[in-house]
Amino acid sequence: MAEEVWVGAWRPHRPRGPIMALYSSPGPKYLIPPTMGFVKHTPTKLRAPAYSFRGAPMLLAENCSPGPRYSMNPKILRTGKDVGPAYSILGRYHTKTMLTPGPGDYFPEKSTRHVFDSAPSHSISARTKTFRVDSTPGPAAYMLPVVMGPHTVGKVSQPSFSIKGRSKLGSFSDDLHKTPGPAAYRQTDVQVTKFKAPQYTMAARVEPAGDKTPKPGPGAHSPEKVTVTKPCAPIVTFGIKHSDYMTPLVVDAE
């Protein structure tokens, strides 16, 4: 009877892996921060001050003190070596030889002008190498100011007069025909200094707007030839007797 309760080949079995429907909580992906300790403490609770114990310091790889590895020399005391005086033979020192002046290099007779009072002495020196490139002016480049005339420098001069040459303007040699004549002056317009009168201008003929194509005049019409509105007698015309395409008959006069 129990086999008939299940339909088909399905039977209840244990799942192969966890199913999210079996969990009533979000699952292990959410982690509640702890309330103990200092690291990752929950921010909703007060955190008391925490102190840590420091570990033992690391031993140095090399000790800075000599230690028992070094053995002291028994001849060395706190005042130095406990030995007698000793001497050694050294080589000759190499000294630098300098050429010093001898007694014949001095002239004591020339030192009197430096020790005793002497008159000044001058010598003519040779021309320097930079004489040719020297650009300073010589004595001839300077000119003293004049002491006569109105252009004296540093002195008071009396008034001076000069005779000027004859002017060509207004003299007998002046060409009077070069002066402008009456026609050279332009007459001033009266309207510049007085009230201006009204002015009128004649404009061009105004053409009315319209069709500008040429139109036939009265002489271009022939009312006597109009037969459309008036009765007209029959009109007969004479045509040619022969065709234009036929050769005319030529009769010999002989």
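Quick caveat, the model's predicted, so the values are computed rather than measured.
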Would the number of heavy atoms belonging to other residues, nucleotides or ligands and lying under 6.0 Å from [atom1] of [X] be above 12?
{"X": "Glu109", "atom1": "CD", "value": "yes"}
{"X": "Glu224", "atom1": "CD", "value": "yes"}
{"X": "Leu46", "atom1": "CG", "value": "no"}

>> Using 0.5 Å steps for rounding, measure from the OG1 atom of Thr35 to the CZ atom of Arg47.
In response: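 These two atoms lie 12.5 Å from each other.
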> Once you round to the nearest 0.5 Å, how far does CG of Asp117 lie from OG1 of Thr112?
Replying inline: 11.0 Å
> Which atom pair, heavy atoms only, marks the closest approach of Pro33 to Lys40?
Replying inline: CB-O, 3.8 Å
> What closest approach, in Å, do Met36 and His41 show between heavy atoms, and which atom pair accounts for it?
Replying inline: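 Heavy-atom minimum between the residues: N-CD2, 4.0 Å.
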>> So does Lys194 get a backbone contact from the side chain of Lys196, meaning a donor-acceptor N/O pair under 3.5 Å?
In response: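 No, Lys196 side chain to Lys194 backbone: no donor-acceptor pair under 3.5 Å.
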> Side chains of Lys215 and Thr213: donor-acceptor distance under 3.5 Å anywhere?
Replying inline: yes
